[in-house]
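Worksheet: one structure, shown below.
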4 protein chains.
Amino acid sequence: MSPEPNSERRSERARLAILDAVFDLCVSKGYAKVTIEAIASQAGVGKPTIYRWWRSKGALALDVLNERIGSNTDFPDTGDIVADLTTQMTRVTALLTSDTGRVYRGVIGEAQNDPELMRAMRETVVNPRIHGCRRRLEIAVKAGQLRADVPTSSMVDLFYGPVYYRFLLGFDVPDIRACTDLVEEVVAGLRP
Amino acid sequence: MSPEPNSERRSERARLAILDAVFDLCVSKGYAKVTIEAIASQAGVGKPTIYRWWRSKGALALDVLNERIGSNTDFPDTGDIVADLTTQMTRVTALLTSDTGRVYRGVIGEAQNDPELMRAMRETVVNPRIHGCRRRLEIAVKAGQLRADVPTSSMVDLFYGPVYYRFLLGFDVPDIRACTDLVEEVVAGLRP
Amino acid sequence: MSPEPNSERRSERARLAILDAVFDLCVSKGYAKVTIEAIASQAGVGKPTIYRWWRSKGALALDVLNERIGSNTDFPDTGDIVADLTTQMTRVTALLTSDTGRVYRGVIGEAQNDPELMRAMRETVVNPRIHGCRRRLEIAVKAGQLRADVPTSSMVDLFYGPVYYRFLLGFDVPDIRACTDLVEEVVAGLRP
Amino acid sequence: MSPEPNSERRSERARLAILDAVFDLCVSKGYAKVTIEAIASQAGVGKPTIYRWWRSKGALALDVLNERIGSNTDFPDTGDIVADLTTQMTRVTALLTSDTGRVYRGVIGEAQNDPELMRAMRETVVNPRIHGCRRRLEIAVKAGQLRADVPTSSMVDLFYGPVYYRFLLGFDVPDIRACTDLVEEVVAGLRP
DNA sequence: AACTAACCGAGACGGTACGTCGGGTCTTAGT
DNA sequence: ACTAAGACCCGACGTACCGTCTCGGTTAGTT
């Protein structure tokens with residue numbers, strides 16, 4: 001393969017058709033049953049056009065995911081940290097249980113066996129949102145709403161951990177939503 | 001395939017050879033690159049013998065996992081809930097970062113796209129240990145060491161969630177161990 | 001395997017059930033689609049029972065064939081050589097186009113790639129009948145009805161050859177029957 | 001499979017490598033022991049490439065046969081019908097006893113259980129040569145060298161029948177060659 | 001305005017692994 | 001001791017996709 005195709009000449013039509021095809025197929029058949037051939041066929045695109053721009057199905061699905069969830073990583077800030085965290089946790093559970101969540105689940109599953117994909121996913125999806133969360137938590141710390149002696153990175157784990165844990169171990173959706181109920185308790189434990 | 005082979009006539013030799021082969025191959029090549037053919041070849045077994053007893057690579061890996069982690073789901077009980085939780089969380093991180101953890105990671109990844117496998121995994125691996133944990137937490141609640149108004153199931157999420165979350169989103173091992181440091185803080189928040 | 005089972009203790013019931021199963025399956029599914037497993041299953045017999053007594057499906061089918069066509073290799077002798085040959089050729093075409101003929105066809109097909117089967121088939125099926133034919137032809141030669149300077153073995157070829165040729169190259173049945181019409185012409189050419 | 005691959009894009013290299021591999025393997029191991037896998041491996045070709053263009057091993061071997069025997073179906077015509085028939089029968093026996101004959105034997109054997117292959121074989125191999133023979137015989141009939149009241153199709157049976165009969169029932173090669181000695185006798189019987 | 005370079009669609013190709021079928025052997029129970 | 005049953009090892013089957021590789025065709029930027 002040419003080492004690096006000229007991205008200025010890239011066909012936007014093909015790119016969008018491919019991303020849409022991946023999303024539709026993930027939703028209708030499930031991530032694992034989506035094949036590159038089916039994507040190419042559904043998108044009306046040749047296989048090399050896919051391989052020219054993505055190194056694997058996982059990388060492709062990651063792009064789909066990023067397109068769908070958008071690049072906004074802001075955390076709500078109403079001044080009320082409990083309300084803001086609850087809002088955000090609710091958004092996360094909504095995402096995970098949506099069609100886009102099926103893509104996300106597929107990407108995470110694939111990434112367990114593809115370190116490069118894992119890295120890319122963490123970098124483009126997870127870390128930006130963690131940082132958004134930490135910024136908000138730091139504001140709360142400075143406002144004296146949260147203890148200063150617990151690293152915000154650990155606080156993040158306490159909020160996101162249970163949600164992803166239940167999501168990725170296949171607990172039912174209501175159970176995942178219940179995680180958001182914990183916010184108040186956790187915050188209670190983190191009060192100065 | 002015959003719907004149900006006669007398990008009394010099953011070859012224990014073949015069974016063990018298969019389980020060992022799966023483990024060795026997972027460790028040496030990574031779960032995703034393990035094929036049924038390679039397992040059969042390495043175990044000196046015909047492919048039909050594998051398909052006769054397991055419905056998929058995931059189901060097979062799940063059996064390997066269960067063989068390796070054993071059936072002991074007891075939670076330590078020294079009377080000191082913080083110490084016991086720390087002990088257990090340390091054990092969990094040790095497991096996840098071990099060779100057996102590679103198998104576990106593979107199973108979880110596969111299960112994202114195989115609901116039946118997810119169910120079986122939760123039933124045989126996750127739930128028994130959750131129940132062990134809850135039993136210990138309930139003792140602590142009764143002893144007045146933990147709040148009674150937070151469900152023990154939610155407490156479990158707070159302890160296990162961060163560990164799995166970091167494990168499955170590919171954070172580095174030291175980060176995962178750091179999760180155990182949270183135990184004290186979390187318990188602090190859960191004190192009556 | 002035991003080198004030679006004791007044939008005195010052989011189960012006649014099993015033997016007959018196997019032969020019948022082979023015949024029925026050849027007729028209903030065609031020789032090529034008959035498997036040892038299907039034979040065993042249909043006959044209510046274990047596979048080793050088959051392998052104990054026959055070295056291959058071909059050998060088994062050959063036995064079936066011999067059971068069906070009987071051991072009578074006599075050639076008709078009314079004194080009229082043309083009539084006798086016509087009678088016999090008619091019998092042969094009737095056999096070939098019967099259900100038993102399907103078995104015969106299968107055996108011959110198999111024998112193309114199994115010299116031992118070919119030898120056994122020639123020895124048990126073909127040669128005895130050739131000899132019967134030659135005996136009759138020799139009587140005719142001695143009676144001055146046929147030339148003495150053409151070997152009877154070659155005469156046999158002239159009578160049987162066209163029939164088998166058309167049978168084994170897949171010409172239609174009516175064409176095969178037409179072969180019998182040749183008898184008179186051939187005999188004419190063989191008159192002293 | 002796609003119902004009809006585009007034959008314009010077919011790889012001639014692959015096609016020839018496959019045909020050669022089939023021939024070599026038939027010669028070295030015998031038709032029955034030739035597997036599609038071995039062909040693919042020997043030809044340096046993927047199995048799907050074989051299945052894309054041929055429906056079975058038999059169809060493939062038939063193509064090999066046709067490549068090897070060529071498309072020339074002319075019958076010699078020196079004016080001497082006995083000499084011409086002898087020449088041709090000698091050629092046929094030479095073919096049948098050659099390496100190509102092993103392929104032919106395999107195809108005929110397979111065709112006993114594959115009507116479609118039988119039809120194709122008769123159409124591409126047998127019938128053209130029969131017609132060549134009949135054309136020559138008709139010339140002889142018109143020249144008054146052969147009887148006009150015996151159909152040429154039957155005459156063909158008398159010449160080819162014995163050869164194929166002995167070939168397919170496994171008589172030794174010398175016996176097959178002896179068939180050509182019959183030509184003179186048969187022609188004698190067919191003289192007006 | 002024609003040229004040309006790169007992407008595009010299509011799909012054949014060499015491969016790997018799939019999940020299944022059946023072959024022939026072996027073991028176990030039963031008669 | 002032979003049988004019925006069936007699990008076992010093995011090899012091949014025919015299929016699904018993989019990722020690569022030509023092919024023309026189209027399209028855009030350059031001359």
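Protein chains get the first letters and strands the later ones, always in sequence-line order, with residue 1 at the start of each. Owing to the predicted nature of the structure, the values given are computational and were not obtained by experimental measurement.
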Exercise. Does C/Thr35 have a side-chain nitrogen or oxygen under 4.0 Å from the phosphate oxygens OP1 or OP2 of E/dG22?
Worked result: no

Problem set entry | Cation-pi check, A/Arg105 onto A/Tyr31 ring (under 6.0 Å, within 45° of axis) | no

Exercise. What side chain to side chain donor-acceptor pair (under 3.5 Å) pairs are there with at least one residue in residues 32-43 of chain B, not counting sequence neighbours?
Worked result: B/Glu37-B/Lys47

Exercise. Taking only N and O in the side chain of D/Thr49, is any of them less than 4.0 Å away from OP1 or OP2 of E/dA12?
Worked result: no

Problem set entry | Protein-nucleotide distance (B/Arg9, atom CZ; E/dG30, atom P), rounded to Å | 11 Å

Exercise. Which comes earlier along DNA chain F counting from the 5' end, the contact point of D/Lys57 or that of B/Val45, where each point is its nearest nucleotide?
Worked result: B/Val45

Exercise. Do the side-chain N or O atoms of D/Arg52 get closer than 4.0 angstrom to the phosphate oxygens (OP1, OP2) of E/dC13?
Worked result: yes

Exercise. Rounded to whole angstroms, how far apart are NZ on A/Lys29 and P on F/dC17?
Worked result: 7 Å

Exercise. Please give, in whole Å, the distance from F/dC17 C1' to A/Leu25 CG?
Worked result: 15 Å

Problem set entry | Most 5' of B/Arg55 and D/Ser7 on DNA chain E, judged by nearest nucleotide | D/Ser7

Exercise. With respect to the side chain of C/Pro48, which nucleotide from E/dG15, E/dT27, F/dC8 is positioned closest?
Worked result: E/dT27

Exercise. Under 4.0 Å: is that the gap between some side-chain N or O of A/Arg13 and OP1 or OP2 of E/dG9?
Worked result: yes

Exercise. Looking at E/dG23, E/dC8, E/dG19, which one has an atom nearest to any side-chain atom of C/Tyr51?
Worked result: E/dG23

Problem set entry | Residue whose nearest DNA chain F nucleotide is more 5′ - D/Ala38 or A/Ser56 | D/Ala38

Exercise. Can you check the C/Glu12 CD to E/dT31 P distance for me, whole Å?
Worked result: 22 Å

For this session: To the nearest Å, give me how far apart CG (A/Leu16) and P (E/dC7) are.
Result: 18 Å

Problem set entry | Length of the line joining A/Lys47:NZ and F/dG19:P, which is rounded to integer Å | 9 Å

Exercise. Under a 4.0 Å N-O cut-off, is there an ion pair linking B/Asp114 with B/Arg55?
Worked result: yes

Exercise. Atom CZ of D/Arg15 and atom CH2 of D/Trp53: how far apart are they, to the nearest 0.5 Å?
Worked result: 11.0 Å

For this session: Figure out the CD1/P separation between A/Ile50 and F/dT20, and round it to whole Å.
Result: 13 Å

For this session: May I ask you to decide if D/Gly170's main-chain N or O and C/Arg122's side chain share a donor-acceptor pair within less than 3.5 Å?
Result: yes

For this session: Look at D/Trp54 and F/dG14 and indicate whether a side-chain polar atom (N or O) is within less than 4.0 Å of OP1 or OP2.
Result: no

Exercise. Heavy atoms under 4.0 Å, any strand shown: does C/Ala40 hit a base, just sugar-phosphate, or nothing?
Worked result: nothing

For this session: Measure the distance from CD1 on D/Ile39 to P on F/dG11 and round it to the nearest whole Å.
Result: 18 Å

For this session: Take A/Glu37 and B/Ile36, find for each the nucleotide of DNA chain E with the closest heavy atom, and name the residue whose nucleotide sits nearer the 5' end.
Result: A/Glu37

